[in-house]
Structure formats: C-alpha cells, structure tokens
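Each chain gets a letter, A, B and so on, in the order the sequences are listed, and its residues count up from 1.
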Amino acid sequence: MTMTKNILDIKDLTINFKSDGKEISVVDGISFHIKAGETLGVVGESGCGKSVTSLSIMGLIPSPPGRVAGGTIEFEGKNLLDFKEKDMRKVRGNDISMIFQEPMTSLNPVFTIGKQINEVLLLHNDMNQTEARNRSIEMLKLVGIPRPEQIYSNYPYQLSGGMRQRVMIAIGLACQPKLLIADEPTTALDVTIQAQILNLMQDLKEKTDTSIMFITHDLGVVAEMCDRVVVMYSGQVVEETDVDTLFNDPKHPYTLGLLGSIPKATEKIERLYSIRGQVPQAGTVEKGCRFADRCDKVMDRCREEDPPLFQMKQGHQCRCWLYAED
Amino acid sequence: MIPILFIITIIAFLFVHLTPGDPIRIMYGAEIDQETYEQMREREGFNDPLVVQYGRYMYNMAIQGDFGQSYRTRSDVSEEVLRRFGYTFILTILSMFWAILIGVTVGIISATKRNSILDRLGMISTITALSIPEFWFGLMMMQIFAVQFGWFPTSGSGTWLHLILPSLTLGFGVAATIVRFTRSSVLEVLREDYVRTARAKGQKESVVIWSHVLRNALIPVVTMAGLQFGFLIGGAVVVEQVFAWPGLGSYLIDGILTRDYPVIQALILLFSFQFLLINLLVDISYGFLNPQIRYE
Amino acid sequence: MLSRKGIWLLIVLSFMFILAACQSNDETPNDESNNGVTEEEVNETENDNTNAGNTNDNEEVNNETDASSESGGEVTVGIEAEPTSMDPHNTTDGNSATVQSTMFEGLLRFDEDMNIVNVLAEDYDYSDDATEVTFTLREGVTFHDGTEFDANVVKENLDFVRDSENGLARSSFFSFIDEVEVEDDFTVTIRSEEPNSAMASYMAHSSAAMKSVDEIEKKQEDEDYNLDREGAVGTGPFQFVEWRDSEHVIVEKFDDYWNEEELARVDQITFRPVQEASTRVNMLQTGEVDLIFPIPTLNAAELEEEEEIDLFTGPTTDVFYIGMNFENDKYEDLDVRQAMNHAVNKDGLIAQVLDGYGTIADSAIAPNVYGYSGQPIYEYDVEGAQELMDGSEQSDGFEATLWTRNSTEFISVAEYVAIQLEEIGIDVEVQAYESGTLFDMLDAGEDTDMWIGRWSPGTGEADYGLRPNFASDRVPPNFNNSGFYINEELDEMFDEALATPDEDEAMEIYAEIQQKIYEDAPWVFLHIPDAIIAKNRDLVGIYVLPSGAVNLNLAEFQ
Amino acid sequence: MDKQKKNSPFRIFLRKFLKQRLAVFAFGLVIMILLVGIFGPLFAPYDPHRPVTAQYADKGIDVDQLTSSTVQLEGRLSNGEVVDQSELPQLQTETENRRIASIRRTQSGVQISANTSGATEAVIESGDVSSVAEILVEGEVPLDDVEPIVSQIIIAQPEEAFSIGDEYQINFEALKTDGSEITTIEELRAYTEEKYGADEEEDTSGFQSGSSENEDSASFQLRSLTEDVVTVNEQGVVQFEEEGEGIVQIQSGDVSSVVQFQVGNEQVEPILTGIYLESTTVELTDAYKHQTPSSMHIFGTDHQNRDILSRVIHGTKETLLIGFVSVAIGTVIGTVLGLLAGYYGGWLDSLVTRMTDVLLAFPGILLAIAVIAFLGAGLTNIIFAVAVFTIPVFIRIVRASTLSLKEMTYVEAAKSIGVPNTVIIFRHIFPGTLSVVMVYLTMRIGVAILIGAALSFLGLGGDITAPEWGSMLSAAKDNSSNIFHATFFPGLAIVITVLSFNIFGDGLRDALDPKLKE
C-alpha cells in the first residue's frame, strides 16, 4: 500500500448545512483516499453529497449556510482544513483544480477565452503576458482545440459546449495540478462529445500523471476511466473497491441496484430494474442504514443500528449488515 | 419611436390652442382696444386654420429651431433654452455620477455581505431614501450643510460649490433605485457558475467581485440607470426650484406660473425628446457593454 | 432591440435638432417679434424711482475726494427681478427704473428730501395761472450716441410718449400735457389743459427721461425695432453695454458726461437679477455682489451684525392696503369697511410679517409724500369690529376671495389678514398670482373682490398718490381704481387742489381729502414697509430716496 | 380535510406576509395613519388655521403672551398738581430701535408693542420735559442683563418766592430703572457722559439719505431757560438777577425736567416740570412666530404662529386623499384598459400601448406638471394629474398578466363552453391580475403622495394657506429659511407615511413572490 503515496486522504469528513434554523449533515463522516496518478471514481445519485465533498476539498463551501463540522482532508500530508484563505488560494487551480458539469455557464461571458486561461497562469506563476499567452495557446492545442490562436481571442458564446469543456480542462491543467477534480464533466454533453472528452482526459492523465477524482452517476464512464470507485449514498460511503471487483463482485445492495439498472447489450429484458423509493432527504434518517427503506435484503438490524464499513477482501469495504462476521 | 415623437409635437402644439386664456390677451394685457387686437391676431396668424398654423409651427421649430418668443421677457425662447440647457445638463450629469457612485458601491456591499447588518442597513436606508421627497431632502441638506455648517452656499449658481448640494439631492433618490437594482443583479451573478470557476482558479475574492461579478452585473444596471436618467430631468425641475438653479426646470415652473405658453410648449417638447433620446442612447450603450449583442 | 435602420434615423434627427438650435442664435434676434407695444397697465407697484442724480448743492462731508481720483473698479448689484425694459417711457417696475437711472436723465429730479432739483434744465418757472411751465435748458449736453441735447429733443420725446398710438406704458402719465412748444434752441414750454401745480414734480419723475432722437426715429421707421431691449441711449453718467436675459445688465462709464464733477467713479455697474431672496443674501455675504435690495426682513437682523456689511433701513412711500370692489354690495355698508379696519392688528402685522421693519399706515399716502396728513388709526379691537359687523347689513359675515401677488411678502400679508378677518366672520380664500397676471385680472375688472395692493407715488406728491386710486375717472381699465370707488365730491377736490398755485391752501385741501378717504375707508389701511438695502462696507456714495429708490451714479470703492 | 383548506392561496399568501415582521409593522403604521387622517382633526391640540396666541385664552393657558401694553403716565406741574396724560401738550413718543419695539399714542393712551426680542428705550416728550422707559422684549433666546438707566428726574419745586440777589441750591433725584437714585450733579454728569458719550460716533455707513431724521441727542445740560431772570452755575447754585418767572432745566440725554422760580411777588403760572411713568420698565414677549418645539407645541409654530402639529394632523386627510383617490382612478382606468388591450389585442392593443408609450415619454413629475399647466392649479387638478401619471403603470402590468392568463387552459375551457368575453375577462382573468394590482396599488400610493407634495411645493397645488404638507413646506422654504423645525416636521410626516406604504407594499410583493419559502 505504501509504495505509491496517497495524494489525498479524507478521514470521516462531516459537512453540515443550516436551513430554517436546523443543522443537517449532508456529508456524514466519509473517508477515502486517492493515490498519486490514480483516477478515483465517486459514484452516487444526485444529492448524495459528492459535489459538496469536492467543493470542501477546494475550500469553496459557501460559509453562511454550510460548515465543515469535522474530519480532515489531507493533501500531500497537510490538512487543507487548517489552511488559511491565503494559503488555500495558492493550492486552488495550482495543486488541485476543478472542472464542472455545466460548460455553457462555467466561462465568464464577457471575457475572452485567452484572458480566462491567462488568469490562472498569472495567478500561480510569475510570467508576463506574452509567456502566459503562449502557454495558453499551447494548452488549447493540448486539449485538442483547432485554430487555438483565433479561439484565444474569441468569446465563450462563440464556442460549442464541447469546446468550452475543453477550455475548462485547459484551465484546470494549465498549472499541472497534482489532483484534478472533475464534477460530472461530461454529463451535459451529448455522447459523441462525451467520448472525445473522456479520451482526452485519458491521454492527459498518461502525459501529466495527474491523479483525478472523477465524480459521476454514469457507471459506463466509471468503467472506462476509473481505477478505483467509491459509492456514496445519502452522505455516506457505502462501498469502496477497485473497478473490476465493483462490476464483477459488488457487495452492497445499493451498488447491486445501480448495476442492475444498466441495460446490458447482451441481455434482452422488457423492463429495466429500478430501485424502489427515493433518496431520503438529508437528516431525516436518524438511525440505522439509510438505504434500509429501499433495500430488498433489509433486516431488522438494518433499521436499528447504523452499519459500519466492513473490510471485505483486500481494498474492498462495504457498509452493510449482510457482511457482518459475528 | 418616431410616431411617439410625432404625437408629442401635436400635443405640444395643441397645448397653446386649447388652454384657457387668449395668447394676445396674455401678452398685451387688457389695455389694447378691439381694433389693434384684431390686427395683431391677424399678424400673428392666429386666425389661420389650425393645420396651417401647425405647419408653420413645425417649420419654425424643426428647421429654424425658433421656439417663438416668451410672453414675459419678449426674448427668444430658443436662446434662453440654449443658455439654460447647460445648467440642467451639468446638474443631471453630476447627479447621475453621484447616483451611480453611491448606488453601485452600496449595492455591491450589501449584496456581497448578504443578510449582514450592512445589508439590512443598506436596504432600510434605500427604502427610506425612496420615500423622502426630493425637495424636502434638498431643504434639509440646505439647512444643515449650508445654514448650520456653512460649508456650501445655500443656493444660486456661480462656482462649483453651488453645484454640490443640488446634485447630491437629485442624485440621492436615483442612487436608492440603483442600489436595489445593483444588489439584485449582483446576487444573481454570484449564483452563476463562472464565479465558482473564478474562485476555483484561486482568484482573490475582491478581484472575483470587482472584476468578474461587477462586469456582468453592471450591464442591466447601466440600462436601468439610463432610464433613471430620464426621470432625473423630472426631479431636476423640483431641485432647481429649491436651490434657485437657473436650469430648464425652474424656467418651466416660472413659465407655468406666468402662463408663458411658448416656454411651456418648448420645454415639454424638449424634455420628452430628451427622454426618448436617452432611452435610445441606453439601447446603443447596451450593445457596447454586452459583447454577445454586439455581433448580432 | 432597435433595428439598425431605426438607430440611424434617430441619430440624424437628433443632429438636425442640435444644428437647428445652434443656428437660431446667430441670426439677428427678433426678426419678426412684435416689439415693445406693451400697453402694460400702469400697475400700482409703481414705486419707480425718481432718477435722483447728484447733489450738486449740499456737498456731503465724506465725498470731498474730487472727481478725478481714479478709484475705478466694477460694482455688482443684486436686484429682485429681471428688468422688463430699458425704455423709461415704457417702464412701470422698480427694477427697470433702477437700472435706467444710471443711463437716463430728465429735465428735473428729486433729491433725498424729495425737493425738486435741476438737471438737464437750468431753470423753470410756472405761468401765473399754473397752466404753463417754461424750462431753460442746459447747453453742451451730449447723448451717449454723440447727438446734442436741445429743446427739440424734449418736444420729440414728450410727443412720442404721449401719442397712444405708440402704446407706451407711460402715455397716460403725461396725458395732462396739451402741447409742447419749442421757444428757441434751449427754451421749451409745456402747456396743460387745466391748471396743474404738480407739473414740475411730474417732470422730475423717472419716466420723464430724455431719449436720443435717433432712437425715436429708428422706431418710427422700423415697426419692429425693439426699444425695450435696444434703445437705451440717454445722457446719464453710464451708458448701456449689454443685457443677457436672467443673467445681467451691464452699464459702463460714459467719459464725456456733461457734468465733470459728477463723472462716474467706477468703470462699470453690473445688475444681476436674483429672484430667490436668500440667494441674494448669500451672494452679498460671499462677496459675489456689492449691493442688494430688497432683503427679506427675516435675514435683515442677521445681516446687521456682520461687520463688513452695512445695512440701511428707512421708511419708503409704499402704502400696503386691502382693496375692495364696490360693485359687490357687501362692501356698501361703511360699518363693514370700518369693522374690517378694526379687525386687522397692524402692530401684529408689522411685528410678525415684517419683523418690525415697517410703520402703520395712518393715511392713504405715506408720511414722506408731499401733502401727507396723518389720521387717527383704526385701533385693533375685535369686539368693537364684531359689534360693527353685527350692526351692519352683513351681520352674519360673508365669503370673499383675496387676490395677492405670489411673492413671499405679499402671500404672508394676505395670509395674516385673512386669518384676522375670519375672526369677525369674513371667510377669506387667498389666491396668489404672478404680478403680471394679477394686474391683467384687476384691469379686466370682471370678478375682482378683495386684493392686496401696494402703491407709491413716483412723483412724491399727493395728487399722484391719491388720484389714480380714488378718482372716479380712473376705474379699470384706465388706471388703478380697481375697486370702482366713485366719490364725486373727492373728484372736485382733486382738481381744486391741483389748480391752486398757493401751497398752503393746496395742503389744506389734501388734508381734507385724506380725512374724507380715511373715514370712508374704501381700503383697509395696512402698513408702510421699510426699504432695506445692504451693501459691502467699502462701497460708498449710495443715495437712497424716501420712495425707497436707490441711486448708484456716485457709487465708488473706498 | 382541514389540512387541505389550510393551503388556500390566500392563506399561504397571508402566512408568507406575516412572516415579514417589518412589513407587518408598516401595515400597522398605515392603519394608524389612516385613523389620524379620519379622526385626527378631533384630537388636534389647536385650530390649525388660527394663530396659537389667539387660542391660548379659551384653552385656559394663561401664558403672559403680552405682546403690547399701554403705559400709564402723568405730568407734574410746578405747583405740585398732577396732570392726566391726555392734557399733556403735543405729547411725542419714539423708540430708539423701532425693530425691537414701537410706541405710539392711541385714544386710550401711549401704547408700546413688541416686534422682535431685544432691549430698547422709549422716549416720551412734551415740550422741554421728557422721560425714558426701558423696554425688554423676551424671545426664545434669553436677554443678557441690561444695565439700569436713568428714567426720570424729579426736581424739588420751591414754594416760596425769591428776591433778587438770593441764592438757591437745586436738589433733585434722578430715578434709575432699578430703583437706585443719583442725587449729585457730578454723578449725573459722569453717568450721562458715559452713557451718551459712546453713541456719538460718526455715521460712516456710506449711505446718504434724507437729513431730516437724526437730530443730535444732546448729552448733559444744566442751564437756565430764562437767562435774564435766573442764572445757574456748574454746582447747581441759582442766582436771581431780575423779577419774573425763572426756569432751570436739567437734562441727561433723553431725560429732562425743569424747576420754576417766582422772583418778586408777581404770581407765576404753574408749568409742566416733568413726566412721570407709573412703571419705568416694560416687559413684553416676542411670541409672534416660529416658537421652538416645546411641551405646549410639540412641533413648534410656523411663520403665522400656527401650531405645526395640528396642521400636520389636519394635513393628513388631504395628503391621503391625493394618494388614494388619484391612485384609485389610475388603477381602475389602467386595469380596465390593460385587460381589454391584453385580451382583445389587435388595433385596441396597439392604440393603448402607443398611448402608454406617449404617457411614459414624459418623465414622472413632468407629466403631472403638464396636466396642471393645462388645467390650472387646484387640489382636484393635482389628483387628476397624479392619476394620469399612474395609469400607464397599471396598463402595463395588467396587460402583461392578462396576456399570460389568456393562454391558460381554464380560459380556453370557458371560451369553449360559450361564456361571453366580458364575463371571461372580469370573472376569470381579472381575479388573476388582482394580486399584482393590489401590490402595485400600495406602492403607487407612496409615489402619488410624493408627487402630490412636490406639486403643491412648486405652488401648483390648491390653496397655499391650507394645512397641506406640500404647501406647508413651500411656505416654510420662503418664510422660515433658517428655522429648522418649520421645515423638518411636515417633511417628516411625508417620509413616515410614504415609508410605511412602501414597506407595506414591499411586504405584499415578497409575499406574492413564489420563490419565497413559506
């Protein structure tokens, strides 16, 4: 385990949001790590806290409603939560950078593409304008954008969704970050563009050896991109394993349910399996397993006690009473 | 746009002919006997059919820029308007400057520090400012800053100092509207994704606000400020009367009090024309600010 | 969004408008404007100022500095309103007369004690039956445009103003003249229909100024030549430079003025109209202007304390009154009129509205007017007034509308009086109008009821003080008797007084007239306001006349 | 079931509204103002039209509002007799500073009336004799203490006759206003020099006016008016030269008295030797106007000395009238036009929109001014002008909501079952627009009151003497430019009224706003 060092190590991170006076924990004591050069997939339905976790890593949780209530986020051995804003800013966009789901609105409409890439370059390295300009054009080439000199001085509204996502990636990787957090980068794109973006990210990963935290709810993407996967449900990590085990030997009923709902080209079935019920609203389930209401294999114990993460075989954990050894 | 202008010239023209009081009688008083009265009506052309008179009125006004003669001072209205136009123009420009300066800064501060005391304070003072009558506010400013402290002259024109109190008074009302508008516009932009991207780049919060957010938030504010500019002229009428500022506003009020119809006619036309012109300029400037519109 | 075509059209239109507006001001002004044919009714703000020139006889102690000392400099004067004309023959408002008094001179003038003093005439004497007065004129006097002053100029001026065709405001003022005869180059005789001992004081009036004949000829040739704005060519120590509407009127020193000792001591005088009284006060305090009048009584006390400002207060010849229209029968009963006189607390009026700057009017003319005789005042007595009202035909009171001018002083007086009349059952509604509009309404004489009036005889003598207001032939639209007060007995006495050459006899008749008027109470007699004038400490040589007129001809900086 | 009923749109709206404490407070204020408008005049402390001084009596307030008083005086003859003031020959009266107080003879005696606060002296003269009274006029600012002055001189009148060669030492008392006396000539001479010496500085004001006014006030005199009969030296010793009537005068500035001697045995006629005032100090108050806010007048008094609080209370009705009636007219006309234009569309719609554009081409207050210029000043014209100014606003919002409501299926359903258009408009569409109209109604009232006040401030309003807030401010601007309270309180009334309407309107609008959580 120790031969490749963990780039990021999160231990029982808890994030609470205040609404109408009450404080609800949207992320409830999650722990996982990302090894250098590894792509970790974070899977879960929307509302399970995966985006909030990524924002907390970047230190971008809006402070009045949200608050990091506990746990640590260690990046290269240092706990990011202790960083002062000034130091955190040095990390953002330089050591850890992030790309978002909605390319159409992620770029500032009134600034040119070039200016938006230069901004991150000038922030973190002392270059002058021309050096920044060249570096930006180089990045545009790197992410596969045709006629980079011309695009450099265009405005965002002149580019398509895919192109804009490429620019976002260019911005993200401009300062060779050690960790790139991609929050559902391809969800808003149509399939063909999605494939191009994923291939692009794959090559870039080889070239730059950046570790990626890939947040998605699309298991197909996970299969293609990720080395290891963390499954989240209602603010908790319910399963963590390498990608092959996930598809071949999933343990947690929720993971099974997710996998069950993927249509297989080979099989022909009339009705796709879908998990009954909905994700419980954060903070409504006080005790017991949060998936209990929707779990086919629910036992009494599940409703009573909150299941811990059981260690399955090497590197495989699962939060479900089925696997309690007692 | 054009038909509205056309209708206004008709209204302004009919103004003289429908209002009570015979123009000759007002100009020359009761003394002149019937015979010279008829002779004058003929010479002034009041007996011609309305359409002919309207034609002559439009010809004089649009081509020669001659708004006729004031009944009271027997001087050319257009000359008087030109001299006084400068006074009103400076006053409105400077008060718009104050309005934007105060309005935008307070708007941003209360938006960025949402629900803090500053924000609540900002909101309360805005709604109070909107409820204060401009003329009373002017009187109070005059009482405090001119009479009590003596920092500024109470009224009249002359040095730049004379301009401070009137422009602040006029600008204050509009500033309040701009604060509200800026605040909501900034709040909206803050929710945009690109602001999050900027922060993700490690940009300082102040730069995020003053360049990324402001640049986008200002576009609707400028449009709204442009519209407010028109209402400034209305406000100027009152403020000029309070501070005895010899602009077009006080000229209109004097005109109305003395039923000096050529003056009223010319000024109503001019004010509404100015108002439409400003709306047009705002539309044009909208394109300049927002690149997306420019290339359309 | 505006279509592209729409934008271009509007830009072109706006340029056209701006072009048109600029183009208008370089053409010669008033190409077809109807020039000064303003038969503006002689209104009772007629406190025009006699053009008191210089006191060449009683040398004042402090201006022994001879004329040659070059003190120079420019005087700026803040006046109450925009002058309406530069033509003395067409002027009825005080502000225009003040400006004109620096440029124009007449045959005679009044000094500070209202005595008649020679100016362009060296001497004058009445015929024994007081129907003629012959003037021997001064020689070597030139107008600002270089033309000579002689007897013919006098005749041209007087004939021109008297001719009602020219529609000049002052034509009725000279209606007493029957004929003007030129004896020789420097003697001229004025003949009147019936005997008139006041002819000299009429000729000392500011409207009896002499204009250069060239100007009169220019007017006769070109119908539209605007004497009001152009024709200011007189013989005075200053000459006309420029008049820019609502900004200033500038007059400058006239070097070859005929009277060397009294050459102008300053290079230029600028008159600036400032309607807002508090602004005038500020401009004086900041030094923007050197002299201002009139001043609101509220600020007068405060100005008095400042050391570098001198304040002058002295009684004027203005009489404030409430006029009533006798065509409404509610004013028929003398008891009603006397009740109203008793109902108004004049002491309170002076204290409250005028802050003490005024005295009670105890006759129809002011004490400074030649021929004045005081009457016992209608003391403030609400119960007595109520009794009079109960005993009168209007015992249960009545409604009335009170017209007044829309200046602050007039509105406060009207408000004060209205409140006090309500105490005895007269329900008064105050209506304020701009002075020009008000005079038109009074002259129309249709629905006049009550109005606040102010009258001051420019000639400073009783006839012009009383006749225009009380003679039955001076009802609207023909002069100031807007209340249609008909009293034949008084008419005869007016003519009789005018006809007696013997001074004391005339005085007795005027005393009797005033007593009759006062007892018959056609007016509610109010007060005589003080003239309040404030100036910079180092400006001296300002002459103030009992009529409140200000003369600047000898102004200089210490 | 009740859970269902609880969620009717109005109840949700109400709950959302009640959550905004500020708006509820403003609503309370609005109600309070309405009550003041309706019932206020009954509780107003004073009659707003009449000056307060006239009302103190019947209010039982016996404040010594003495603004004028008559002076009792009498003349003393040389034979000791006393003469009533009506018989004093050519009695003359004058005050030193007419602006502080004026004095004149009336049928009922000598009357002094106060003008402004300060201290001055009144001189009462008859022939050679005169005496002085001190006048103190109390105003808001307390008078600094005025040092006492000699008011009258009483000279002892010798009864016996004298003969040539006799000598007589004059003795006298010069009474001061504080009761003290001066009895020696040196002391009186020193007092007079010190008091009147200073007044003599030369008038350098540079104003030349009529010479008639200021004759010189002589300083100290001790002289004989009948030189040939009697002479008097510096120390006041009288020498008798001849037979006949001898008169010696003592004058200290404006105060002078005489003493009569009979030389020889020929009886002399008694003459007036001095004027004696019952009280030598007259205290008056300058309670004329601009009384500062006090317990009696919470908002103080205006330039006609009327109670500002009562005027504000009475003014409420008129201001609310302008606000409500004009907005009501504007709303009704605007809504109807908006509904018709929105529903029918076509030429009616373009006509109405064109009209709205024209009306909106004039910036706010100018449209109202143009209407006033057209109709002339007056309260009803103000209401109409403000109404005209409100119509376009309502046309716009109602037309917009009608357009959206028209597309709703329930409207199509009604149309399909043959419901006539007018019924559709007023029963189906109109209630939908009602909520928006209600919100804008409250907000426009604030604006209407502001415009109404501005119009009457500019003098375009109704009766300028009426207790209406706008004209009160207009009068204050002219008559009380440096008096703070006269301008402050009417303005404050406007601000509070408009503010409460605005906050209340905002509250309504937010309550209607779907985004706002319950």
Task: chain D contact via B/I132 - which portion, at a heavy-atom distance below 4.5 Å - done: both
Task: Minimum side-chain heavy-atom gap B/V242-B/M142 below 4.5 Å - done: yes
- [ ] Inspect the surroundings of CZ in D/F394 and state if more than 12 heavy atoms from other residues, nucleotides or ligands are less than 6.0 Å away.
- [x] yes
Open item on the list: Is B/L232 close to chain D through its backbone or its side chain, or both, or neither, when contacts mean heavy atoms under 4.5 Å?
Closed with: neither
Open item on the list: Could you tell me if the side chain of D/I308 sits less than 4.5 Å from the side chain of D/H297, heavy atoms only?
Closed with: no
Task: From CD1 (B/I90) to CZ (B/F85), nearest 0.5 Å - done: 10.5 Å
Open item on the list: Tell me whether the rings of D/F488 and B/W136 are parallel (<30°), tilted (30 to 60°) or perpendicular (>60°).
Closed with: tilted
TODO: Answer with side chain, backbone, both or neither: which region of B/L252 has an atom nearer than 4.5 Å to a non-hydrogen atom of chain D?
DONE: side chain
Open item on the list: Looking only at heavy atoms and a cut-off of under 4.5 Å, which of D/I369, D/L450, D/I372 has the most pairs with chain B?
Closed with: D/L450
TODO: Return the orientation label for the D/F501 and D/F324 ring planes: parallel under 30°, perpendicular over 60°, tilted otherwise.
DONE: perpendicular
Task: Side-chain donor or acceptor of D/H303 paired with backbone N/O of D/A476 under 3.5 Å - done: no
Open item on the list: With salt bridge (Lys or Arg N to Asp or Glu O under 4.0 Å) as the rule and sequence neighbours excluded, what pairs involving residues 166-175 of chain B come up?
Closed with: none
Task: From OG1 (D/T316) to CD1 (D/I33), nearest 0.5 Å - done: 8.0 Å
Open item on the list: Taking every non-hydrogen pair under 4.5 Å, which of D/L22, D/D357, D/T487 racks up the most with chain B?
Closed with: D/T487
Open item on the list: Applying a heavy-atom distance below 4.5 Å, give me the residues of residues 116-123 of chain B that approach chain D, sorted by number.
Closed with: none
Open item on the list: At a 4.5 Å cut-off on heavy atoms, which part of B/L139 comes close to chain D: side chain, backbone, both, or neither?
Closed with: side chain
Task: Which atoms of D/F484 approach chain B - backbone, side chain, both or neither, heavy atom under 4.5 Å - done: both
